[in-house]
Each structure stands twice: as C-alpha cells, then as structure tokens.
Student: 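Pasting a structure below so you can have a look.
Values below: every heavy atom of this structure, side chains too, minus hydrogens, waters and symmetry copies. Keep in mind the model is a prediction, meaning the values are calculated, not measured.
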Amino acid sequence: MAHDNLKGAMFPDNNADVAYKGTLNINGETKYVSLIKAQTQRGEEVYEVAVSMGRVYLNPTEKKQNAKSPDVGGPITIDGKRYKFGAWNNVSEKGDSYLGLSLIEQVDNIPF
C-alpha cells in the first residue's frame, strides 16, 4: 500500500493493551499520555509511550452527512499544527480489517 503525505492506515493489534493513562507536563503544557503494553513477533513484552494528539469520535452511519464521511473523525494537533483527522473502515485484499487514515491541515482564517 503506497503512503501519500497525510495518509496512512491502522490495523487491529490483539497483542496490545493500554496499561496506564495519565498526564505529563512538557514545557508548561499538559499532554495526555498512554503506556501501551504489547508483544513483539518473538513474544517479548514491550511498552510504548504514546502522546495523545487529540480526541476523535465515532461517526455512526445514521449520523453521516454523506456516504464518503469518515467513520471516525475529529480535530487533532501534531507538532503545534492543527489537522482534521478522518478514518474509514476498510478491508484489505487479504480480508483484514483496517482503518484508512487521512489528515487535512487546518489553516487559520487570515483576513486579506
């Protein structure tokens, strides 16, 4: 699968669980963090620290504006830039479920 800029994919991981959630102060700004417990392909236990970029929300079919509306979406912030996050339920050629991801950079309205 080719990855274009601001596009990506996420797959289910049955070998990962959120072990802890909390906050961390970084340069005076509170960040929400998670410690994710997972297993490598060799079965080794590993932990990953994940910093939240924002909260996104499920978009039930009955509430979608149209058929192309994302299944999950919301505003997020990455490295100080604001984006609109969208994710769509998909199935790969092998029959695996995944989320196709897309970001749209949000530009503040600047008067001319």
Student: State yes or no: do Val49 and Ile26 share one hydrophobic cluster built from I, L, V, M, F, W and Y residues joined by side-chain heavy-atom distances below 4.5 Å, directly or via other members?
Tutor: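 No, separate clusters.
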
Student: Over all heavy atoms of both residues, which pair between Gly86 and Pro70 is shortest? Give the atoms and the distance, please.
Tutor: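 Of all heavy-atom pairs spanning Gly86 and Pro70, the closest is CA-CB, 3.9 Å.
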
Student: Check this for me: Glu62, atom CD, are more than 12 non-hydrogen atoms of other residues, nucleotides or ligands nearer than 6.0 Å?
Tutor: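 Result for CD/Glu62: enclosed.
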
Student: Would you indicate whether Asn27, at its atom CG, is surrounded by more than 12 heavy atoms from other residues, nucleotides or ligands within a distance under 6.0 Å?
Tutor: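 Not more than 12 within 6.0 Å, no.
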
Student: About how many Å separate OH of Tyr83 and OG1 of Thr77, when rounded to the nearest 0.5 Å?
Tutor: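 Here the interatomic distance stands at 9.5 Å.
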
Student: Can I get a per-line list of side-chain donor-acceptor pairs under 3.5 Å for residues 10-25, giving both atom names and the distance, sequence neighbours left out?
Tutor:
| from | atom 1 | to | atom 2 | distance (Å) |
| --- | --- | --- | --- | --- |
| Asp13 | OD1 | Asn15 | N | 2.8 |
| Asn25 | OD1 | Gly28 | N | 3.1 |

Student: Kindly indicate whether the side chain of Gln39, heavy atoms from C-beta on, has any atom under 4.5 Å from the side chain of Glu44.
Tutor: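 Not touching, per the 4.5 Å side-chain cut-off.
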
Student: Taking all non-hydrogen atoms of both residues into account, name the closest pair between Ser69 and Asn59 and its distance.
Tutor: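 Answer, listing the atom of Ser69 first, then Asn59: CB-ND2, 3.9 Å.
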
Student: Between Lys31 and Glu29, is there a salt bridge with N-O shorter than 4.0 Å?
Tutor: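 So Glu29 pairs with Lys31 through a salt bridge.
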
Student: Just wondering, do Ile76 and Val56 contact through their side chains at under 4.5 Å, heavy atoms?
Tutor: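 Yes, side chains in contact.
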
Student: If two hydrophobic side chains count as joined below 4.5 Å and joins carry through other members, does Leu101 share a cluster with Met53?
Tutor: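 Yes, Leu101 connects to Met53 through the hydrophobic network.
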
Student: Taking only residues two or more places apart in sequence, or in another chain, which ones meet Thr61 in a side-chain hydrogen bond (donor to acceptor under 3.5 Å, both in side chains)?
Tutor: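 In terms of side-chain hydrogen bond (donor to acceptor under 3.5 Å, both in side chains), with neighbours along the sequence ignored, Thr61 is linked to no residue.
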
Student: Say whether Leu58 and Leu103 are linked into one hydrophobic cluster, either directly or through other cluster members, by side-chain heavy-atom distances under 4.5 angstrom.
Tutor: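 Same hydrophobic cluster.
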
Student: Walk me through it: do Tyr47 and Ile36 pass the test side-chain contact (heavy atoms from CB on, under 4.5 Å)?
Tutor: CA-CA 5 Å; Tyr47 289 86; Ile36 301 170; over 6 Å; no

Student: Taking the side chain as every heavy atom from C-beta outward, state whether Lys81 and Glu105 have any pair of such atoms under 4.5 Å apart.
Tutor: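 Result yes, sub-4.5 Å side-chain heavy-atom pair found.
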
Student: Just jot down the salt bridge (Lys or Arg N to Asp or Glu O under 4.0 Å) partners of Lys84, sequence neighbours excluded, or say none.
Tutor: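 Not a single residue meets the salt bridge (Lys or Arg N to Asp or Glu O under 4.0 Å) criterion with Lys84.
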
Student: Going from CD1 on Ile104 to CG on Leu6, what distance comes out if it is rounded to the nearest 0.5 angstrom?
Tutor: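 Here the interatomic distance stands at 9.0 Å.
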
Student: Would you call Asn89 and Tyr98 a side-chain contact if the rule is heavy atoms closer than 4.5 Å?
Tutor: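 Counting from C-beta outward, Asn89 and Tyr98 never come under 4.5 Å.
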
Student: Might you point out which heavy atoms bring Ser102 and Trp88 nearest each other, and give the distance in Å?
Tutor: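 The answer is CB-CZ3, 3.6 Å.
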
Student: Please find the pair of heavy atoms, one from Leu99 and one from Asn90, that lie closest to each other, and give the distance.
Tutor: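 Between these two residues, the closest heavy atoms are C-ND2, 4.4 Å.
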
